[in-house]
Chemist: 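One structure, as structure tokens, below. Some questions next.
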Amino acid sequence: MATIETDEHKALRAAVAALGKRHGREYDREALWSEAAKLGYLGVNLPEEYGGGGGGIAELSIVLEELGAAGCPLLMMVVSPAICGTVIARFGTEAQKREWLPGLADGTRTMAFGITEPDAGSNSHRITTTARRDPDTGDWLLTGRKVFISGVDIADATLIVGRTEDARTGNLKPCLFIVPRVAEGFTRHQIDMELAAAEKQFELTLDDVRLPADALVGDEDAGLLQLFAGLNPERIMTAAFAIGMGRYALARAIEYARDRTVWKAPIGAHQAIAHPLAQAHIDLELARLMMQKAAHLYDAGDDVGAGEAANMAKYAAGEACVKAVDQAVHTLGGNGLTREFGLASLITAARVSRIAPVSREMILNYVSHQTLGLPKSY
């Protein structure tokens with residue numbers, strides 16, 4: 001893979017950066033979403049025959065990173081086009097593709113993604129949301145709970161990870177279902193978060209939600225393959241989200257350090273200020289390289305290689321983001337905690353990149369036994 005971006009990628013980065021600059025930190029989410037959609041940015045990764053840009057996760061990650069660097073990230077980009085759009089494009093029926101992809105591409109329709117459960121945490125094998133067939137109609141009946149699901153209130157449907165029984169073994173296997181927001185028995189409860197974000201978080205309850213047979217996405221026997229087809233882009237896009245946030249915080253700190261003078265020179269002239277900022281920049285650049293590698297592998301169809309790289313990219317970006325935000329706040333001193341400079345809220349937001357969608361500890365577990373060949377500890 002090339003380590004230098006193509007001219008097309010550079011042009012995309014510059015164009016999205018200009019869009020982000022126009023909207024800025026005080027952006028209106030709906031207005032930005034609408035304009036980004038009209039410019040073709042939201043669906044840049046989706047197939048052209050369904051209204052997308054024909055690109056991949058490499059292009060979509062550029063869009064999210066640059067919006068984040070401008071202070072106006074769109075969290076639902078991680079969910080709607082990256083996870084749900086990718087899964088439907090790769091595994092959906094022709095009817096599902098025609099119904100959903102054009103709307104996801106032009107921003108007129110949005111999908112949420114529901115995998116996390118209250119009692120499962122990072123252990124996806126403990127997912128208890130189950131789907132069973134109605135023998136009389138062939139419909140699916142879904143029952144279970146989900147938690148920390150973003151944007152359900154603004155999404156037309158949620159792609160729910162459930163489990164069905166394997167007729168041959170009796171074991172439960174993961175499957176993906178499209179659940180409309182208005183489905184009977186599908187209820188949501190907003191979680192009160194100490195997190196400044198445009199998108200709200202919800203706990204979901206599915207009480208015998210009846211779905212037609214064609215609500216199942218892809219092959220019932222290929223659940224894990226289809227699931228990770230969405231989870232790898234999620235990790236890559238989370239890395240883009242974190243890198244953009246880190247860049248935004250770092251830019252504010254650099255601007256402040258250039259101008260703020262306490263003694264005879266700007267504080268940025270002192271190595272105690274300059275060196276940590278330089279290190280934060282280096283860490284963000286290194287995380288971006290791994291993110292670009294992960295996106296390249298995924299877009300090339302190397303799901304195994306992309307899995308390793310996506311986890312590493314998410315880990316590196318989360319660590320770099322937290323450190324960049326912390327150093328930015330520290331550089332501004334008391335001003336770093338004021339609303340005027342807009343950095344304090346990023347302290348909590350940056351922590352999300354270490355926690356979701358998979359914790360750094362679980363990534364270290366993955367690398368230790370998948371990459372290094374060490375025994376599993378769990």
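Heavy-atom basis, side chains included; hydrogens, waters and symmetry copies ignored.
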Chemist: Are Met291 and Ser61 close enough, and set up right, to give a side-chain contact (heavy atoms from CB on, under 4.5 Å), and what steps lead you there?
Modeler: CA-CA 8 Å; Met291 179 187 72; Ser61 63; 4.2 Å; yes
Chemist: Is it the case that Thr108 and Asp106 place a side-chain donor and acceptor less than 3.5 Å from each other?
Modeler: yes
Chemist: If you look at every heavy atom in Ile57 and Ala295, which pair is closest and at what distance?
Modeler: C-CB, 4.2 Å
Chemist: To check you understand the geometry: which heavy-atom pair defines the closest contact between Ala257 and Ile273, and what is its length?
Modeler: CB-CG2, 4.1 Å
Chemist: Salt-bridged, Glu65 to Arg288, with N to O below 4.0 Å?
Modeler: yes
Chemist: Give me the atom names and distance for the closest heavy-atom approach of Pro357 to Thr238.
Modeler: CD-OG1, 3.4 Å
Chemist: Could you tell me if the side chain of Asn45 sits less than 4.5 Å from the side chain of Thr86, heavy atoms only?
Modeler: yes
Chemist: Are Val358 and Phe113 in one and the same hydrophobic cluster, where Ile, Leu, Val, Met, Phe, Trp and Tyr link if side-chain heavy atoms are under 4.5 Å apart?
Modeler: no
Chemist: Determine whether the aromatic ring centres of residues Tyr256 and Phe341 are separated by less than 6.0 angstrom.
Modeler: yes
Chemist: Please tell me if the side chains of Gln327 and Leu277 come closer than 4.5 Å, counting only heavy atoms from C-beta onward.
Modeler: yes
Chemist: Are a donor atom and an acceptor atom from the side chains of Thr371 and Glu308 found within less than 3.5 Å of each other?
Modeler: yes
Chemist: Can you tell me if Glu26 has over 12 outside heavy atoms packed within less than 6.0 Å of its CD?
Modeler: no
Chemist: Might you point out which heavy atoms bring Ala320 and Leu284 nearest each other, and give the distance in Å?
Modeler: CB-CD2, 3.8 Å
Chemist: Are the side chain of Asn311 and the backbone N or O of Gly307 linked by a donor-acceptor pair below 3.5 Å?
Modeler: yes
Chemist: To the closest 0.5 Å, what do you measure between CG (Leu64) and CE (Met237)?
Modeler: 4.5 Å
Chemist: Using the rule that Ile, Leu, Val, Met, Phe, Trp and Tyr join whenever any side-chain heavy atoms are under 4.5 Å apart, tell me whether Ile83 and Ile88 fall into a single cluster.
Modeler: yes
Chemist: Do the side chains of Arg90 and Asp303 get close enough for a salt bridge, i.e. N-O under 4.0 angstrom?
Modeler: yes
Chemist: Report yes or no: do Val161 and Val179 belong to one cluster of Ile/Leu/Val/Met/Phe/Trp/Tyr joined by side chain heavy-atom distances under 4.5 Å?
Modeler: no
Chemist: How far apart are the closest heavy atoms of Thr110 and Trp33, and which atoms are they?
Modeler: OG1-CZ2, 4.2 Å
Chemist: Would you give the length of the straight line joining atom CG of Leu74 to atom CD of Glu30, rounded to the nearest 0.5 angstrom?
Modeler: 11.5 Å
Chemist: Could you tell me whether Arg132 and Asp208 make a salt bridge, using a distance below 4.0 angstrom between a side-chain N and a carboxylate O?
Modeler: yes
Chemist: To the closest 0.5 Å, what do you measure between OG1 (Thr348) and CZ (Arg351)?
Modeler: 9.5 Å
Chemist: Leu32 and Ile62: same hydrophobic cluster, using ILVMFWY side-chain contacts below 4.5 Å?
Modeler: yes
Chemist: Step through the shown structure and confirm whether more than 12 heavy atoms of other residues, nucleotides or ligands are within 6.0 Å of NE2 on His330.
Modeler: no
Chemist: With rounding to the nearest 0.5 angstrom, report the CD to CG distance, Glu340 to Leu332.
Modeler: 9.5 Å
Chemist: Can Arg133 be said to sit on top of Trp140's aromatic six-ring, NZ or CZ under 6.0 Å from centre and within 45° of the ring axis?
Modeler: yes
Chemist: Is it true that, when you exclude His189 itself, more than 12 heavy atoms of the residues, nucleotides or ligands shown sit nearer than 6.0 Å to its NE2?
Modeler: no
Chemist: Is the shortest side-chain N to carboxylate O distance from Arg188 to Asp153 below 4.0 Å?
Modeler: no
Chemist: Check for me, please, whether Met193 and Val147 land in the same ILVMFWY cluster - side-chain distances under 4.5 Å, paths through other members count.
Modeler: yes
Chemist: Find out whether the Lys NZ or Arg CZ of Arg25 is both under 6.0 angstrom from the six-membered ring centre of Tyr248 and within 45° of the ring's axis.
Modeler: yes
Chemist: Give a yes or no on whether a salt bridge exists between Glu117 and Lys146, defined as a side-chain N under 4.0 angstrom from a carboxylate O.
Modeler: yes
Chemist: Which atom names give the shortest non-hydrogen contact between Pro266 and Arg258, and what distance separates them?
Modeler: CB-O, 3.2 Å
Chemist: Below 4.5 Å, heavy atoms only, C-beta onward: do Ile160 and Leu176 meet side chain to side chain?
Modeler: no
Chemist: Does atom NE2 of His23 have more than 12 heavy-atom neighbours from other groups under 6.0 Å away?
Modeler: yes
Chemist: Are Lys376 and Tyr378 in a cation-pi setup, meaning NZ or CZ lies under 6.0 angstrom from the ring centre and within 45 degrees of the ring axis?
Modeler: yes
Chemist: Between Glu66 and Arg13, is there a side-chain N and carboxylate O pair less than 4.0 Å apart?
Modeler: yes
Chemist: What distance separates Ile178 CD1 from Asp156 CG, expressed to the nearest 0.5 Å?
Modeler: 11.5 Å
Chemist: Considering residues, nucleotides and ligands other than Asp259, do more than 12 of their heavy atoms fall under 6.0 Å from its CG?
Modeler: yes
Chemist: Strictly by modelled atom types, are Gln190 and Glu203 linked by a side-chain donor-acceptor pair under 3.5 Å?
Modeler: no
Chemist: Would you find more than 12 non-hydrogen atoms of other residues, nucleotides or ligands less than 6.0 Å from Glu285 atom CD?
Modeler: yes
Chemist: Are Leu195 and Val352 side-chain neighbours, meaning at least one heavy-atom pair lies under 4.5 Å?
Modeler: yes
Chemist: How long is the gap from CG on Leu75 to NZ on Lys200, to the nearest 0.5 Å?
Modeler: 12.5 Å
